[in-house]
Structures are given as C-alpha cells and as structure tokens.
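Since the structure comes first, as structure tokens, the remarks are kept for the end.
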Amino acid sequence: METEDRLIRTEYSEIMQKSYIDYAMSVIIARALPDVRDGLKPVQRRTLYDMYELGIRYDRPYRKCARIVGDTMGKYHPHGDSSIYEALVVMAQEFKKGLPLVDGHGNFGSIEGDGAAAMRYTEARLQKITQEAYLADLDKDVVDFVPNFDETEKEPAVLPVKVPNLLINGAEGIAVGMATSIPPHNFSEVIDGVIAYLKNPDINTAQVMEYIKGPDFPTGGIVTNQDELQAIYATGTGKIKIRGKVEVEAGKGGKDRLVITEIPYTMIGANIGKFLNDVYALVETKKTNDIVDISNQSSKEGIRIVLELRRGADVENLCNLLYKKTKLEDTFGVNMLSVADGKPETMGIVPIIRHHVKFQYELATRKYSNLLAKEQDKKEIQEGLIRACDVIDLIIEILRGSKNIKEAKNCLVNGDTGNIKFRSAQSKKRAAKLDFTERQATAILEMRLYRLIGLEIEALMKDHEETLRKIALYEDLLSNRDSMKKLLIKELRALKKEYGRQRRTVIDNVAEAVYVEHKIEEREVAVLIDRFGYARSMDVALYERNKEAADSESKDVFLCKNTDRICIFTNKGQLHMLKVLDLPYGKFRDKGQPIDNVSNYDSSQETCVYLAPLSCITDKKLLFGTAFAMLKQVSGAEFDVSKRTTAAAKLSDGDEVLFISPLSEMEGEEAVPQTVVMQSEKGMFLRIEADSIPEKKKTAIGVRGMRLAENDRLTHIYLIGNGDGAPDQQVAEYEPAKVVLNRLRIASRDTKGVKR
C-alpha cells in the first residue's frame with residue numbers, strides 16, 4: 001500500500017530563520033570558538049585525542065601527519081583534511097603558540113609566512129607537556145565521552161587539561177556574527193595567577209595582574225600601553241599596542257644601522273614582506289633619506305632585519321617614522337570570547353580563571369572518586385585474602401570436599417556446609433561460620449598457591465597498608481576542600497618548575513611615536529622636460545648660464561619652487577601630479593628621470609595635453625575643449641588636490657580632451673577679448689568669444705561649443721588674443737590655403753560654423 005506524501009504548510013521565513021540559527025550555533029559552538037575549560041576548538045581537541053589514541057607519545061617515534069589527519073577525519077572530524085592539517089601545523093609552530101602542543105618533524109612553515117610541507121612529507125608526535133597536562137587522566141573517567149558524528153566511536157566532550165590553555169596559548173576564530181581574539185600569555189605567570197586565585201577566590205583583576213603582567217607573545221616585542229591593560233583584562237575587550245624591538249649598531253665609517261630583532265605578533269607571515277615593502281616605499285617617496293639599504297637576515301636563530309643608515313641620520317626620528325608608517329608598531333584587538341556552559345561569552349581574565357579552577361575541582365572530584373572506589377574494591381579483596389591465609393587449611397579442606405566450585409563458593413560466602421565432606425565435625429562447625437563477600441570468595445578461589453609463601457603474605461600486608469593510606473588520602477581530598485586545593489597547587493607548581501620559561505614580551509608605558517618631518521629648504525628651480533619625457537630640475541642660475549642649449553633641447557621649460565607640483569593633464573581627462581622634489585636635481589648634463597616613473601602617468605596609454613606647475617594655474621581659469629566640441633572653464637584652484645591622480649574632466653564615450661590652456665585676465669581699455677576657434681575634420685570653422693563659455697566644476701562635462709555634423713569631430717582648438725592688445729595671429733593650415741583665424745567672423749556658441 002502506497003503511503004501518501006505528507007505536506008507541511010509553514011512560513012518560508014520561519015524555516016530560513018530556524019535553519020540559519022541552527023547553522024550559526026553549530027559554527028559558534030562546534031567549530032570556531034574554544035571551550036573555556038580546555039581552551040581548545042573541536043578540531044584541536046579531536047586531533048590531540050586521536051594522537052593519544054594512536055599512541056603517538058612524546059617518547060615514541062614520529063608518525064606521518066597524513067595518518068593523523070586521515071584518522072581524525074574518519075573518526076571524529078567530518079570536515080576537510082586541510083582544516084585538520086592546518087590546526088595540527090599551528091599547534092606545532094613555536095612562533096604562533098606560547099606553548100606548542102605538538103612536536104613537529106619536517107617543514108612546518110616559517111615565521112615569514114612560508115607554508116608547511118604537504119602532510120605526506122611531515123611527521124608529528126605529542127609534546128611531553130601535552131601528554132602530562134592535557135591527556136594524562138583520560139583513562140580515569142574524569143570527562144564525559146560523547147558519540148562521534150556517525151555514532152561509531154566515542155570522543156571526549158572536553159580534554160582534562162590541568163592548565164588554563166585559553167590564556168597560555170590564546171585563541172583566534174571567526175564564527176557567525178562574532179569572533180574571538182585572545183593573546184597568548186606566559187606559562188609561569190598564568191600558573192602563579194591560578195594559584196593566587198585558589199588561595200583567594202575573591203581576587204580582583206588588579207590583584208591577578210600582579211602575577212599575570214600582560215600578554216607574552218612568542219615573537220617578543222614591546223607592549224606600549226601598560227596602563228590600559230587592566231581595563232582590557234577586566235572587560236575582555238580592547239586594543240593592545242605592540243612594537244618590535246629595535247637596536248642600534250655601529251657600522252663602518254661612522255654610519256649606524258637599525259637592527260630589528262623582535263617583531264610584533266601581528267607581523268607574523270606575509271606582513272614581514274609588507275613591512276619591507278613599506279620601508280622601500282618610504283625611501284622611494286622620499287619620506288626619509290636616512291635609509292641607505294635594507295636586508296632581511298633572519299634565520300632559524302631568530303629575526304634580524306637590518307636597515308643601513310647614512311652618516312648623521314636622526315635615529316630616533318627614523319624609528320618614530322617606522323612606528324607611524326609601517327607595521328613595526330601595530331595593535332592587537334582583544335576579544336576574549338569563548339564557550340562557557342554551552343554558550344558564547346566574553347569574559348575578563350578573572351572569570352576565565354574561575355571557570356578553569358571550577359573545572360579542575362570537577363576533574364579532581366571525579367578522578368579521586370573513581371580512584372577511591374577502586375581502592376575500596378582492592379581493600380575488600382585484600383582483607384579477604386589476609387583472612388584466608390589464617391584459615392587456609394580449612395579452605396583447602398572445603399575445596400577438597402566440594403563437588404564443584406559453586407558449592408565451595410557458597411560455603412565461603414554463606415557458611416553452607418550441607419553438600420561438602422569434612423574430615424571432622426570441628427572443621428564443619430568452623431566452616432559454617434565463614435562469611436566472605438562474593439568478591440573475596442572469587443579472589444580466594446582464584447588465588448595461586450605461591451601466595452602462601454611468607455614473603456608474599458608480607459607483601460600482601462604492605463599492599464593493604466598502602467591501600468588504607470590511599471583510601472584515607474582520597475577520602476580527605478573529597479571531603480576537605482583545603483586538601484584538594486593544596487594538591488592542585490602542588491601539581492601546578494610541579495608543572496611550572498618543569499615547563500616554565502622567562503617572559504619574552506616587555507610590558508611598559510611608552511609615549512606615542514611622534515615623527516617630525518624635516519622642513520625642506522624652499523628655493524627656485526628650473527624644470528626641464530625633453531621630447532622623450534625625461535625630466536630634471538636644476539638651480540635657476542645654472543639654467544640661465546645654459547639657457548640657449550636648455551631651451552633648444554627641451555620640450556617644456558618652466559621656473560617654479562622646488563616644493564611645487566607639476567600638473568600633467570591627459571587626453572583621457574585625468575590629472576597626474578608630479579612632485580618637483582621627486583625629480584633628479586643636479587648638473588646641467590645630468591640625466592633626467594622619465595615622468596612615467598615618478599608619477600602615475602603612462603605615456604603608452606594616454607597623451608599629455610597640457611603640462612604646467614600647479615602654482616602657475618591656481619589663480620587662473622583653464623579652458624578645456626574636447627573632440628566632441630564640449631567646452632568649459634575651470635578654476636585652477638580645483639586642481640590643488642593631495643591625490644596623485646584625479647579626474648580633471650568628464651568625457652562621453654569615445655570623446656577625448658583635445659585642448660587645455662589658461663585664460664588671460666583682461667585689464668585696461670585696450671585689452672583684447674580672447675576668442676576660441678574650433679576646427680573640424682570636415683573643414684568647418686567656428687570662432688566664438690571665450691567669455692561665452694561658462695565656468696564649470698572639473699567633474700562637469702561642459703557645454704557644446706560647436707554643432708558638429710554627423711561623424712565629424714574637432715581636430716584643433718585655438719585660443720586667440722592674450723588680453724594685452726597683441727597683434728593679429730595667423731594660424732591653421734588647411735587645404736587648399738591657410739586660414740587666418742583672427743579674421744573669422746565671431747559667431748554664437750553652439751552653431752555650425754563656416755566651411756573653408
């Protein structure tokens with residue numbers, strides 16, 4: 001019989017909302033955020049547990065990472081192998097983790113951003129600390145085990161970690177709508193902080209920070225905002241400012257060199273290369289002239305980036321420049337978010353330690369409860385064996401008189417002698433008084449004869465005494481919180497003694513870097529640009545002495561200040577700025593620099609229409625004309641911008657800037673009004689007054705100057721008259737004869753013009 005399809009009618013938005021919330025919580029709880037108890041994300045926890053299960057201990061041979069990754073993926077972590085291997089690699093990198101949990105063998109990447117080798121080439125095993133402080137008590141039933149993704153295996157819900165790993169190794173993770181970023185801390189200091197909390201549960205953030213001074217990054221460096229750390233650790237959020245460590249070494253010839261021996265934690269990886277590029281950029285843009293050379297001499301021994309300086313360099317000012325303009329000073333955003341009691345929570349340092357200590361008490365309670373139960377079982381059996389040794393002859397008689405083991409055991413437990421043959425009534429009477437427990441009877445029946453040797457009996461008595469001592473100890477620990485606290489402190493001190501190390505990061509209050517830019521001595525220079533686009537500058541007096549040769553060899557020559565900028569207007573409607581200071585300054589015959597190299601102008605893609613110093617155009621109006629006869633006046637002041645490239649004109653598709661020229665200021669009665677002549681491909685000419693062209697913004701498209709025929713466009717635009725009563729100008733070659741432009745009749749703008 002076919003079953004009918006069951007349709008459930010529901011609101012689509014409700015389904016989407018529920019599905020997205022389920023997905024988000026899955027990412028938050030089961031993937032991206034660490035658990036506050038063991039400080040591990042699920043992928044890290046599963047990888048370490050798998051290595052424990054595979055027996056890859058610190059004192060055993062390394063195993064291929066591919067085996068570890070494959071086993072973890074198949075049993076516990078149903079995600080991509082790359083995510084598992086990446087987690088494994090990070091746990092083995094000393095420059096990322098304050099306390100590496102995995103001992104890697106092979107190429108596990110470098111601090112400069114080189115990736116690890118493929119998992120088939122690398123090997124790994126557990127670190128000793130991982131085995132002793134993270135996985136040691138898994139066999140004592142101290143944590144809950146949950147089914148894996150397909151319910152064929154069991155995995156721990158949390159590892160029995162004895163140290164606050166969340167603080168020691170920190171954490172980074174991006175979930176849905178939230179992210180965690182916890183810096184690593186010094187192992188010894190964190191242990192001291194936990195011990196202080198155990199002694200005084202009412203301890204506050206300031207008191208904890210007497211032990212935990214601040215973050216301790218594997219890369220060292222300097223934390224510069226010590227006074228802000230207390231607020232960060234109280235709230236769990238904030239920004240830590242970190243700097244690299246810079247040393248000054250004396251070089252040859254009185255030249256110093258800056259040597260960077262420690263870098264900010266945030267510079268790990270590709271940011272080292274970015275730092276080098278930023279320093280190159282500072283030199284190229286002439287932000288500093290103090291750096292002669294830079295080299296990265298880092299090796300396995302540590303970071304060593306060397307900046308060779310010129311003689312007399314201002315070292316302090318240069319360091320401040322590097323702090324301001326590069327990653328040598330950076331911020332580490334702190335957001336101490338982790339999963340606590342099944343939900344994400346942002347916590348300060350004291351709540352994190354509180355959760356850890358609570359977890360330690362839970363672990364210890366389960367551990368010693370289980371150990372106490374085992375010792376009590378052992379005590380029961382030992383007491384039975386000791387009693388059995390005293391009546392061993394009677395027990396042997398019971399065994400010889402029994403038909404089967406059931407009768408013998410029944411006699412030992414209940415004193416039932418009905419079916420057993422005894423040699424005497426006295427033995428039967430004694431046997432009826434026996435009252436061993438089930439476990440004792442089983443142990444007696446399984447006891448071997450060699451246990452009756454005198455030395456073995458003595459050893460049994462000693463074992464019994466040791467068992468009684470352990471039972472008393474465990475009962476004291478479970479019933480007396482002070483005893484448990486002393487034990488936890490003892491274990492923590494032992495771990496600190498074996499695995500503690502000195503702090504690497506300096507914590508201090510450092511004044512903010514202030515870079516004082518040296519003022520450039522302003523002077524008049526001559527700028528020369530030849531027909532190949534090579535530009536250079538020189539002293540004005542030197543130019544005057546070689547004026548004739550300079551003018552004949554140069555396409556553009558102008559005088560300006562060395563602090564000025566040169567405006568390069570192109571046919572694409574772009575304005576490129578070129579600093580005069582970026583041009584070579586020197587002798588008359590010195591070679592220039594292509595303007596393409598010192599600006600964003602690309603001569604292969606666009607053509608220079610007009611070129612002039614900014615100071616020469618800021619107080620003038622510029623006339624713009626395009627091939628589609630669009631005209632406008634623009635105030636030169638609009639082009640005084642800080643950008644190296646900006647739009648100077650808005651163009652229609654297929655249009656291009658044809659003409660740019662400054663307009664003259666008309667003063668006096670004899671001033672000649674300026675006129676504009678437009679010439680098209682089809683021989684149409686139109687002369688209009690320049691004043692008829694309205695002033696527009698630089699981003700405007702302008703107004704139509706001439707009404708062009710279909711498929712016609714302008715080839716030339718001329719500006720006639722300079723405002724000072726200048727004589728007539730004859731311009732324009734046009735077959736079959738020359739056209740005298742200033743004799744053309746002045747017409748209205750936006751007309752067709754005349755045919756010549």
Side-chain angles (χ1 to χ4, degrees), residues 556 567-576 601 606-612 616-618 620-639 646-666 672-723 726 729-734 739-756:
D556 294 287
C567 300
I568 305 171
F569 293 90
T570 73
N571 64 325
K572 301 288 187 183
Q574 295 293 307
L575 166 62
H576 302 295
Y601 172 65
E606 50 193 343
T607 305
C608 176
V609 176
Y610 180 65
L611 186 146
C616 295
I617 65 171
T618 49
K620 295 183 179 179
K621 299 283 194 301
L622 293 185
L623 174 65
F624 280 73
T626 75
F628 287 0
M630 303 305 294
L631 304 177
K632 65 177 177 178
Q633 291 187 38
V634 182
S635 171
E638 285 201 43
F639 302 110
T646 186
K650 185 177 180 181
L651 299 173
S652 304
D653 291 342
D655 199 3
E656 63 177 345
V657 177
L658 197 62
F659 177 83
I660 300 174
S661 178
L663 293 167
S664 300
E665 295 289 335
M666 293 196 299
V672 178
Q674 289 187 294
T675 58
V676 177
V677 177
M678 291 164 276
Q679 176 184 349
S680 76
E681 285 181 348
K682 296 185 177 181
M684 300 299 293
F685 287 81
L686 177 64
R687 184 183 181 192
I688 64 172
E689 289 184 352
D691 287 346
S692 67
I693 302 169
E695 184 176 340
K696 299 280 187 181
K697 293 292 184 183
K698 65 179 181 180
T699 52
I701 200 166
V703 297
R704 189 163 60 181
M706 181 178 181
R707 193 174 300 171
L708 296 171
E710 190 176 353
N711 297 326
D712 197 7
R713 58 190 287 135
L714 298 188
T715 57
H716 296 87
I717 298 176
Y718 307 95
L719 185 62
I720 302 175
N722 56 10
Q729 298 179 21
Q730 286 189 355
V731 197
E733 292 282 347
Y734 187 75
V739 177
V740 181
L741 299 179
N742 58 337
R743 292 182 182 175
L744 290 171
R745 184 175 62 86
I746 297 175
S748 299
R749 181 177 59 79
D750 196 17
T751 56
K752 292 183 178 180
V754 295
K755 180 78 173 177
R756 284 287 183 268

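All values below were derived from every heavy atom in this structure, side-chain atoms included, with hydrogens, water molecules and symmetry-related copies excluded.
Closest approach of Leu708 and Ala627 over heavy atoms only: CD1-O, 3.9 Å. What you find for Ser661 and Leu719 is that their closest heavy atoms are OG-CD2, 3.7 Å. For Pro662 against Leu622, the heavy-atom pair with the smallest separation is CA-CD2, 3.7 Å. A pairwise comparison of heavy atoms in Arg713 and Phe628 identifies NH1-CE1, 3.6 Å as the closest pair. The two atoms that bring Leu631 and Gly625 nearest to each other are CD2-CA, 3.6 Å, heavy atoms only. Taking both residues in full, the closest heavy atoms of Met678 and Met706 are given as SD-CB, 3.8 Å, listed atom of the first, atom of the second, then distance.
Side-chain contact between Ile693 and Val676 is present, with heavy atoms from C-beta onward closer than 4.5 Å. The shortest distance between side-chain heavy atoms of Phe639 and Val634 falls below 4.5 Å. Residues Ser748 and Ile688 fail the side-chain proximity criterion, which asks for heavy atoms closer than 4.5 Å. A 4.5 Å side-chain heavy-atom check between Gln674 and Ile720 finds every atom pair outside the cut-off.
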Note to self: Applying side-chain contact (heavy atoms from CB on, under 4.5 Å) to Tyr610 and Leu623, what does each step give before you reach the verdict?
What the structure shows: CA-CA 11 Å; Tyr610 180 65; Leu623 174 65; over 6 Å; no
Margin query: side-chain contact (heavy atoms from CB on, under 4.5 Å) for Glu695 and Lys632? Distances and angles first, verdict last.
Written below: CA-CA 6 Å; Glu695 184 176 340; Lys632 65 177 177 178; over 6 Å; no
Margin query: Using side-chain contact (heavy atoms from CB on, under 4.5 Å), reason through Thr570 and Val657 one step at a time and then give a plain yes or no.
Written below: CA-CA 7 Å; Thr570 73; Val657 177; over 6 Å; no
Next item on the list: Evaluate side-chain contact (heavy atoms from CB on, under 4.5 Å) for Leu575 paired with Ile568, printing each intermediate quantity in order.
Entry: CA-CA 6 Å; Leu575 166 62; Ile568 305 171; 5.6 Å; no
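Once rounded to the nearest 0.5 Å, the distance linking CG of Asp655 with NZ of Lys650 reads 12.5 Å. In this structure, CZ on Phe569 lies 11.5 Å from CD on Gln574, to the nearest 0.5 angstrom. Rounding to the nearest 0.5 Å places CZ of Arg707 at 14.5 Å from OG of Ser680. From Thr626, atom OG1 reaches atom CG of Leu658 across 7.5 Å, with rounding to the nearest 0.5 Å. Going from atom OG1 of Thr607 over to atom NZ of Lys572 covers 8.0 Å, rounded to the nearest 0.5 Å. Between the OG1 atom in Thr715 and the CE atom in Met684 there is a gap of 12.5 Å [rounded to 0.5 Å].
Between the Asn571 side chain and the Cys608 main chain, no donor and acceptor come within less than 3.5 Å of each other. Side-chain N or O atoms of Glu638 include one that pairs as donor or acceptor with a backbone N or O of Lys698 at under 3.5 Å. When atom types are taken as modelled, the side chain of Lys682 and the backbone of Glu710 share a donor-acceptor pair closer than 3.5 angstrom. Distance alone, capped at 3.5 Å, is enough to place a donor-acceptor pair between the Gln633 side chain and the Ala690 backbone. Within the 3.5 Å criterion, the main-chain N or O of Asp750 finds no donor-acceptor partner in the side chain of Arg704. Panel note: side chain Gln679, backbone Ile717; no donor-acceptor pair is recorded below 3.5 Å.
Checked against the 6.0 Å centroid threshold, Tyr718 and Phe659 do not count as a close aromatic pair.
For the residue pair Arg687/Thr675, the side-chain donor-acceptor check at 3.5 Å is satisfied.
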